[in-house]
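The basis for the numbers below is simple: all heavy atoms, side chains too, and nothing from hydrogens, waters or symmetry mates. Order of the sequence lines fixes the chain letters, A, B, ..., with proteins taken first and strands second; residue numbering starts at 1 for each chain.
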There are 2 protein chains.
Amino acid sequence: MQTSGDRRQLQLALGEQINALLSATRALSERSAAHFHPALQPAAFHVARWLYAYGPAKPSVVAEAVGMDRSSTSTLIGKMRTLGLLSADPSPGDRRSITVGLTPEGRARVAATLEDRGQEFYTRTESWTTDDLTRLVELLGRLTAEP
Amino acid sequence: MQTSGDRRQLQLALGEQINALLSATRALSERSAAHFHPALQPAAFHVARWLYAYGPAKPSVVAEAVGMDRSSTSTLIGKMRTLGLLSADPSPGDRRSITVGLTPEGRARVAATLEDRGQEFYTRTESWTTDDLTRLVELLGRLTAEP
DNA sequence: CGATATAGTGGGGATATGCAAACCAGTGGT
DNA sequence: ACCACTGGTTTGCATATCCCCACTATATCG
């Protein structure tokens, strides 16, 4: 019971830490979104960032994943396609659907935006040992891996 | 040079992982925000969550930290005070300013919202060893600690 | 084959938030 | 005592996003 209690405590603690991280990065995210592309609404960045992290997907999946409405996502994807940031192919096995993904240019622009506004976190880990850094990357990787 | 190159790689990898985590949690955050309190706008949740993670602060600091405009933050804080979620005391040493913090009820409501919609991450760590879980919590704690 | 469901797209109205400006009370320097 | 400045609040306006609805093309089930 001690062990399972500790376990519970740990999961709660993880929740608090993730929460703190989300709080700390929210301002950064919104500002990145606002500066992502001059011709696009902020939400475009959230779409692009998700595709950057998880790869090509159908619009409906993207909308669900980023917590946006399907119509907004659709028009946003349309604009990003005409700007050359996204490419679309017919989804295999369903001719109603398309699969969208970042073009090299889109990928580069996301990377640039992240780089541009993410300096702060680099400096935070400056004093860390390489070992700790490696482990954090590895653990986060496991946490965010698709189920 | 090998070492510093590896270091650079690691920091980039950390950026990617944090990015993936933010992407993965964005939908959850927005939905939590929408359901936080029936009489409040979504952004109230972001304010409350930040105060939950980092403790009482001046309105201007909160606005800056969550990346919101000061006027919206001000009216939002006003509403939350009348709802009994936030309390305000005069800031020590500056009579123009106040310091706002969550009331016990506000704290409970944030916790309930997080609990309510954060189940998914608990199940993700179910198969982890206690050791890994402990270490992730510890490393995240160091990452989000105030500079 | 026919009926119903789903993927993507578009429109129209409601709301939340950002931005700019004005204002007041209090602060700090001169 | 003055004056420039800052923290907080409020107001008016612009825009982004959501929500509901409709429409077309395809898919799936009977």
Exercise answer: donor-acceptor pairs, residues 74-89 of chain A side-chain atoms, under 3.5 Å, sequence neighbours excluded:
unit_1: Thr75(A); atom_1: OG1; unit_2: Ser72(A); atom_2: O; d: 3.0
unit_1: Lys79(A); atom_1: NZ; unit_2: Gln41(A); atom_2: OE1; d: 3.4
unit_1: Thr82(A); atom_1: OG1; unit_2: Lys79(A); atom_2: O; d: 2.9

Any donor-acceptor pair under 3.5 Å from Arg7(A) side chain to Glu126(B) backbone = yes
key: Note, Leu12(B) side chain near Arg8(B) side chain (heavy atom, < 4.5 Å)   = yes
ask   = Are side-chain heavy atoms of His35(B) and Phe45(B) found at a separation under 4.5 Å?
value = no
inquiry  = In the structure I gave you, are the side-chain heavy atoms of Val47(B) and Phe36(B) within less than 4.5 Å of one another anywhere?
reply    = no
message = We want to know whether Asp69(B) and Ser71(B) form a side-chain donor-acceptor pair, criterion being a heavy-atom distance below 3.5 angstrom.
response = yes
Quiz: residues 133-142 of chain B side-chain donor-acceptor pairs under 3.5 angstrom, not counting sequence neighbours:
unit_1: Thr134(B); atom_1: OG1; unit_2: Thr130(B); atom_2: O; d: 2.7
unit_1: Glu138(B); atom_1: OE2; unit_2: Arg142(B); atom_2: NE; d: 3.2
unit_1: Arg142(B); atom_1: NH2; unit_2: Asp132(A); atom_2: OD2; d: 2.5

message = Classify Ile98(A) by what it touches in the nucleic acid, base, sugar-phosphate, or nothing, heavy-atom distance under 4.0 Å.
response = sugar-phosphate
task = Heavy atoms of chain A, cut-off under 4.0 Å: which first and last nucleotide of DNA chain D, 5' to 3', fall inside that, if you could look?
result = dA16(D) to dA27(D)
query = Is the shortest side-chain N/O distance from Thr75(A) to OP1 or OP2 of dT9(C) below 4.0 Å?
reply = no
Thr144(A) to Tyr54(A) - nearest heavy-atom pair and separation = O-OH, 3.4 Å
For nucleotides 16-20 of chain C, which of its nitrogen or oxygen atoms have a protein nitrogen or oxygen under 3.5 Å away, and what is each distance?
unit_1: dT17(C); atom_1: OP1; unit_2: Ala43(B); atom_2: N; d: 2.7
unit_1: dG18(C); atom_1: OP2; unit_2: Asp69(B); atom_2: N; d: 3.4
unit_1: dG18(C); atom_1: OP2; unit_2: Ser72(B); atom_2: OG; d: 3.2
unit_1: dC19(C); atom_1: N4; unit_2: Ser71(B); atom_2: OG; d: 3.2

ask   = Sequence neighbours excluded, which residues qualify as side-chain hydrogen bond (donor to acceptor under 3.5 Å, both in side chains) partners of Arg95(B)?
value = none
Strand-adjacent residues in residues 81-97 of chain B, judged by heavy atoms under 4.0 Å from DNA chain D = Arg96(B), Ser97(B)
key: Ser29(A) versus Arg49(A), side-chain donor and acceptor atoms under 3.5 Å   = yes
